[in-house]
Protein chains: 2
Amino acid sequence: MTDRQPIDRESVLLAAEALVRDRGPAGLSMRKLAAELGAAVTAIYWHVGNREALLDELVQRTVAEMGQIEARGATPAARAESVALALRRKLRERPHLIALVHERGLTELMMLPAQRALVHEAHAAGLRGTAAAEAVRVLQFHVVGFVLVERNRERAPRQQPGEPELWDAETAEQDPALAATLGGVPDSERLFELSTRALIASLWGIPRPKE
Amino acid sequence: MTDRQPIDRESVLLAAEALVRDRGPAGLSMRKLAAELGAAVTAIYWHVGNREALLDELVQRTVAEMGQIEARGATPAARAESVALALRRKLRERPHLIALVHERGLTELMMLPAQRALVHEAHAAGLRGTAAAEAVRVLQFHVVGFVLVERNRERAPRQQPGEPELWDAETAEQDPALAATLGGVPDSERLFELSTRALIASLWGIPRPKE
DNA sequence: ACCTGAACACCGTTCAAGT
DNA sequence: ACCTGAACACCGTTCAAGT
């Protein structure tokens, strides 16, 4: 009897995605969603089945959107690095949805386009067979793992005892620069480049700088 | 009037930990916990505050238990690798609780003992200051990230289109060994060692094999 | 100090009934 | 084909009341 409106599957999915995008999966309740859409809760069930199926569909779409990755650079190593960097950026754009993909164990599926690009660069670098496959997988694991750790850091509350205090006392006098770095917020941009390059150097072969 | 029993804080925590350990955080409801303890739901609130505080306490204990890590091996690089391997093993022993620690953003705090051990090895390898700090942090990120990705893989449902099919068609004839490896289940033991060694070699300095 | 049941405000889901 | 409200079985949490 209140201001009810007809809805369709698409509008349900869009509203759900919006809720998840800025309040996280926990922020998506069927009742809130219904209220947002101006329909009865049960209308949603007609269109999307249930909450689980709704989230599954959102996950599928996210996987699809993670689409193509473009490699840039002169050497295979540089191009592989550019894939890793692009991947990290893309993953960080949709944190909540990526978390859902991860929860549902579809990370690998989502990574397929990037995997293709990396295989191409591994071949270009002269790698073949198991060595190439492992080089690719190591880099995949690395990128996804890094993003997960990074996100965690950002969501983190102020660290309990505070890392600074723990380092000040002991190692500080021996190696103050180390204590300062470990005490502060990590520069994840730099850490990512550093570790990505280290892995690529080991597994793709070190690119010779031209000069 | 039913078979109610007096409880204390410790018994509540133990019962809660048991529930989380084998049914996951989602399996812990205050009502189930009360039933398990043979007390009224509200008795739990008197002892531990609320669900959030209860989980916080479990997390604190897990962090404490993650305690010391022992380095083994001849060279600093080998010893750093042993820390990484031990860390991975420990993390994999308590998946649900580690997930909770992670959710609460206390991963870094939990990693402090390992961080100390790694700093020691970095110093032994002759690293100082920012370089040492970064070498340590890269390895920390690496281990935690790897374990998160690994766990995800294991919880994963059968991959949707199945990676095998996707690789068969295209690259298979060019590089059948690669297609076979990427189509199969990753040997994460090997991937972890491979990537850990690659990072250590780049950042700690490559250990010379004695022969 | 410790525990109780009742009550409140939420959930997701099912279902018979309406148009 | 699409939507409804009522009902069920769950939640976490608060609170006045008991001992």
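In what follows, chains carry the letters A, B, and so on, assigned in the order in which the sequence lines appear, proteins first and then strands, with residues in each chain numbered from 1. Note that the structure is predicted; figures quoted are calculated from it, not measured.
- Rounded to an integer number of Å, the gap from L37(A) CG to dT4(D) C1' is 15 Å.
- Under 4.0 angstrom from either OP1 or OP2 of dA1(C) there lies no side-chain N or O belonging to H47(B).
- Nucleotide dT19(C) has dA1(D) as its partner under the Watson-Crick or G-U criteria, with both atom distances under 3.5 Å.
- In terms of modelled atom types and a separation under 3.5 Å, the side chain of R137(B) and the main chain of T181(A) share a donor-acceptor contact.
- For the pair N50(B) CG and dC8(C) P, the interatomic distance rounds to 21 Å; values are reported in whole Å.
- One atom, CE of M30(B), and another, P of dA9(C), lie 20 Å apart when rounded to the nearest Å.
- The partner of dT13(D) is dA7(C), judged by Watson-Crick or G-U wobble contacts that both fall below 3.5 Å.
- L54(A) has its CG atom 15 Å from the P atom of dC11(C), to the nearest Å.
- Residue whose closest nucleotide on DNA chain D sits further toward the 5' end, between D8(A) and E52(B): D8(A).
- Side-chain proximity of T42(A) to dG12(D), dG5(C), dT4(D): nearest is dT4(D).
- Side-chain N/O atoms of S29(A) include one lying less than 4.0 angstrom from OP1 or OP2 on dC11(C).
- Ionic pairing of E57(B) and R9(B) is present here: one or more N-O contacts between side-chain nitrogen and carboxylate oxygen are shorter than 4.0 angstrom.
- How far CG of N50(B) is from CE of M30(B): 6.5 Å, rounded to the nearest 0.5 Å.
- If you check every strand for non-hydrogen atoms under 4.0 Å, L33(A) touches nothing.
- R51(A) places its CZ atom 10 Å from the C1' atom of dC11(C), with the value rounded to the nearest Å.
- With R51(B) contributing its side chain and L28(B) its backbone, the two residues share a donor-acceptor pair below 3.5 Å.
- Taking atom CZ of R9(B) as the reference point, atom P of dA1(C) lies 16 Å away to the nearest angstrom.
- Here R89(B) does not pair with E70(B) in a salt bridge; the nearest charged N to carboxylate O distance is not below 4.0 Å.
- Residue A39(A) places its side chain closer to dT4(D) than to any other of dC15(D), dT4(D), dT13(C).
- The V41(B) side chain lies nearest to dT13(D) when the options are dG12(C), dT13(D), dC3(D).
- Side chain of I7(A), nearest nucleotide from dT4(D), dC3(D), dT14(C): dC3(D).
- Protein atom CZ of R31(A) is 14 Å distant from nucleotide atom P of dA9(C), rounded to whole Å.
- For I44(B) and dT14(D), the CD1 to C1' distance is 15 Å, given to the nearest whole Å.
- For W46(B), whose side chain is taken as the heavy atoms from C-beta onward, the closest listed nucleotide among dC2(C), dC11(C), dC2(D) is dC2(C).
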